[in-house]
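To keep things clear, I will list the structure first and then write my remarks on it.
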Amino acid sequence: MASLDRVFIIGNLTRDPEVRYLPSGVAVCDMALAVNETFKNKDGEQVEQTCYVDVVVWARQAETCGEYLRKGSPVMLDGRLQLDKWQ
């Protein structure tokens, strides 16, 4: 069976992008995205949930993100999902 690792996320940046460079000269940009969802629960009350997503962008796109994006900027991402585990 084939598999597909593709995500589309729309949200707002929670902080300014941080661009750094690897010793090889490749740019890496770390960003954090907040995705808000509003719905009514079974009691009819309005509920808002926020999901926070850490994002890593590489190469020329990383430099562009650092140049044009700021905290609060609306962003649409198209990429792949990678799960990090912490202890």
Side-chain angles (χ1 to χ4, degrees):
M1 175 188 232
S3 62
L4 176 67
D5 184 3
R6 186 84 176 211
V7 294
F8 296 95
I9 302 173
I10 299 174
N12 295 82
L13 294 183
T14 61
R15 57 181 163 83
D16 288 344
E18 300 171 6
V19 180
R20 59 187 165 84
Y21 291 88
L22 299 178
S24 63
V26 176
V28 180
C29 180
D30 293 312
M31 301 185 295
L33 194 68
V35 179
N36 298 316
E37 177 186 11
T38 305
F39 59 92
K40 289 186 179 183
N41 64 12
K42 63 181 178 181
D43 298 327
E45 298 171 339
Q46 196 84 355
V47 177
E48 184 173 328
Q49 289 183 338
T50 304
C51 177
Y52 297 97
V53 180
D54 292 326
V55 178
V56 179
V57 183
W58 294 85
R60 178 66 185 132
Q61 285 184 340
E63 294 172 342
T64 303
C65 289
E67 186 176 342
Y68 292 104
L69 299 177
R70 295 289 171 255
K71 179 180 178 177
S73 295
V75 177
M76 177 181 171
L77 301 174
D78 172 10
R80 66 182 185 88
L81 191 61
Q82 182 175 336
L83 180 63
D84 291 332
K85 293 183 181 182
W86 303 90
Q87 289 187 12

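In this chain, numbering begins with 1 at the start of the sequence shown. Values below: every heavy atom of this structure, side chains too, minus hydrogens, waters and symmetry copies. Since we're looking at a predicted model, the values are computed, not measured.
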Under a 4.5 Å side-chain heavy-atom rule over Ile, Leu, Val, Met, Phe, Trp and Tyr, are [X] and [Y] clustered together?
| X | Y | value |
| --- | --- | --- |
| Val56 | Leu22 | yes |
| Val55 | Ile10 | no |
| Leu69 | Trp58 | no |

Is a side-chain N or O of [X] found less than 3.5 angstrom from the main chain of [Y], in a donor-acceptor match?
| X | Y | answer |
| --- | --- | --- |
| Asn12 | Ala34 | no |
| Asp5 | Leu81 | yes |
| Asp43 | Glu45 | no |

Please report the closest heavy-atom contact between [X] and [Y], naming both atoms and the distance.
| X | Y | value |
| --- | --- | --- |
| Thr14 | Lys71 | O-CE, 3.4 Å |
| Cys65 | Pro17 | O-CG, 3.7 Å |
| Val19 | Gly66 | CG2-CA, 3.6 Å |

Quick check: do [X] and [Y] have side-chain heavy atoms less than 4.5 Å from each other?
| X | Y | answer |
| --- | --- | --- |
| Met31 | Val53 | no |
| Leu13 | Leu33 | yes |
| Arg20 | Asp30 | yes |

Hey, is CZ on Phe39 packed in by over 12 heavy atoms from elsewhere, all under 6.0 Å?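 More than 12 heavy atoms, drawn from other residues, nucleotides or ligands, come within 6.0 Å of this atom.
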Using the test side-chain hydrogen bond (donor to acceptor under 3.5 Å, both in side chains), find all partners of Arg80 that sit at least two apart in sequence or belong to another chain.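 Checked Arg80 against side-chain hydrogen bond (donor to acceptor under 3.5 Å, both in side chains); matches are Gln82.
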Output all residues satisfying side-chain hydrogen bond (donor to acceptor under 3.5 Å, both in side chains) with Asn36, sequence neighbours left out; order by chain, then residue number.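 Only Thr50 meet the side-chain hydrogen bond (donor to acceptor under 3.5 Å, both in side chains) criterion with Asn36.
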Show, in sequence, the C-alpha distance, side-chain angles and deciding distance for Val47 and Glu37, and conclude whether the side chain to side chain contact (heavy atoms under 4.5 Å, CB included) test is met. CA-CA 8 Å; Val47 177; Glu37 177 186 11; over 6 Å; no
